[in-house]
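Shown next, in structure tokens, is the structure this report addresses.
Both ligands and their constituent atoms are indexed starting at 1 by order of listing.
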Amino acid sequence: MQTLLTRNVPALDETHGPDSHEAELRALMAMASHDLKSPLASVSAHVQMLHEDYSTALGDGFRQDIAAIERGLRRMNQLAQDLLDYARADHTLELAPRALREIVGEALTEHVAGPNKVLVTQSGEWPTVVADAGLLRHVLDNLIGNAIKYAPADTTPEIEIEAHTLADGTVRVEVADRGVGIPAADRPRIFDAFHRCANTGGRPGTGLGLAICRRIVERHGGHIGVNDNPGGGSRFWFTLPKLV
Ligand code: ADP
């Protein structure tokens, strides 16, 4: 059985008081993004029906228009999901001791399974952390997902994941890749909501993933950052405070 612990890291609405405009905006955003999902699903289903019923009769022009609508719908769905995740990062933390290796393993299984090959190296000593497992998994999902997404086209993505306990008991996790890297000019804003770097090269995205990661890590009392990976690519890292 898992023990639920509490750490005194308040949600945003508690830190800024009941009048906080930001807390209200986040709640509104959660509601709006949640409510958008159902009409989006309905539009997607109808577009799919149009595709099935008329593509053969109406030919290439029609198929291209449908494909463009479907791409737009996928972007809208992703944005609605990311906005929902952004708001969820403020939920009350459910803290419990969890083996970091298990959470990393779950995240890797999801990203590495399937037809696309990914080279993964794991090292370190994999401590137990006190964390909200669902939210921590979200951070790892984002960092691993980005390491794969931002690999140069036509290469096998390489990911190196490392976890250590520092001398003061802080746990440090690093997710490194051989991807396109973060341009120096973008670095100061990389964890800001909606910021996308100049070198995304048309890869899909909303610029919300790293902002969500920062919020989750900071609510756990940790820090997050990125360095160049010696030899090419990026080395994202985050810390979690000492297990108490
Ligand atoms: P998204 O990937 O949806 O655009 P994120 O918030 O996850 O949003 O990332 C913000 C930006 O940081 C991305 O648009 C991309 O330019 C850059 N980025 C994130 N992770 C990586 C990475 N591993 N390698 C290179 N660039 C990255």
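- Ligand 1 is approached by Lys149 to a heavy-atom distance shorter than 4.0 Å.
- Between Arg214 and Asp192 the shortest side-chain heavy-atom distance falls below 4.5 Å.
- Of all the atoms in ligand 1, the ones that sit under 4.0 Å from a non-hydrogen atom of Cys197 are 12 (O), 14 (O), 16 (O), 17 (C).
- Distances between N or O atoms of His195 and those of ligand 1 include no value under 3.5 Å.
- Counting only heavy atoms of the protein, atom 19 (C) of ligand 1 lies nearest to Asn146 ND2, 3.5 Å.
- Remark: Arg172 does not engage Glu162 in a salt bridge, criterion side-chain N to carboxylate O under 4.0 Å.
- Residues Phe236 and Leu108 fall within the same hydrophobic cluster, defined by Ile, Leu, Val, Met, Phe, Trp and Tyr side chains chained together at heavy-atom separations under 4.5 Å.
- Counting heavy atoms of neighbouring residues, nucleotides and ligands inside a 6.0 Å radius, atom CZ of Arg203 exceeds 12 of them.
- Counting only heavy atoms of the protein, atom 3 (O) of ligand 1 lies nearest to Thr206 N, 2.8 Å.
- Interface of Ile190 with ligand 1, defined as ligand atoms under 4.0 Å from a residue heavy atom, comprises 12 (O), 17 (C).
- Atom NE2 of His34 has 12 or fewer neighbouring heavy atoms from other residues, nucleotides or ligands inside a 6.0 Å radius.
- Ligand 1 has Gly205 within reach: a non-hydrogen atom of the residue lies less than 4.0 Å from it.
- Of the candidates Val226, Leu210, Asp186, Asp192, the one placing a heavy atom closest to atom 6 (O) of ligand 1 is Leu210.
- Distances from atom 1 (P) of ligand 1 to the heavy atoms of Gly209, Ser234, Gly207 show the closest one on Gly207.
- Contacts with ligand 1 closer than 4.0 Å are made by side-chain heavy atoms of Thr200 only, the backbone lying farther away.
- The shortest distance between side-chain heavy atoms of Val173 and Val139 does not fall below 4.5 Å.
- Trp237 is not connected to Val129 by any chain of hydrophobic side-chain contacts under 4.5 Å among Ile, Leu, Val, Met, Phe, Trp and Tyr, and they are in different clusters.
- The closest approach between any non-hydrogen atom of Phe191 and ligand 1 is not below 4.0 Å.
- Of the residues listed (Leu79, Asp85, Asn142), the one engaging Leu208 in a side-chain contact (heavy atoms from CB on, under 4.5 Å) is Leu79, and it is the only one.
- With a 4.0 Å cut-off on non-hydrogen atoms, Leu143 does not touch ligand 1 at all.
- Asn77 and Gln81 share no side-chain donor-acceptor pair at under 3.5 Å.
- Set against the non-hydrogen atoms of Leu208, the atoms of ligand 1 under 4.0 Å away are 6 (O), 8 (O).
- Of the polar atoms of Ala211, none of the N or O atoms is found under 3.5 Å from an N or O of ligand 1, judged by distance alone.
- Between the side chains of His111 and Asp141, at least one donor N or O sits under 3.5 Å from an acceptor N or O.
- With a heavy-atom cut-off of 4.0 Å, Asp177 touches ligand 1 through its side chain alone.
- When the heavy atoms of Phe194, Tyr150, Phe236 are ranked by distance to atom 13 (C) of ligand 1, first place goes to Tyr150.
- Looking at Arg196 next to ligand 1, an N or O pair under 3.5 Å apart turns up.
- Closest protein heavy atom to atom 26 (N) of ligand 1: Ile182 CD1, 3.2 Å.
- A salt bridge is defined here as a Lys NZ or Arg NE, NH1 or NH2 lying under 4.0 Å from an Asp or Glu carboxylate O, and Asp228 with Arg187 meets this definition.
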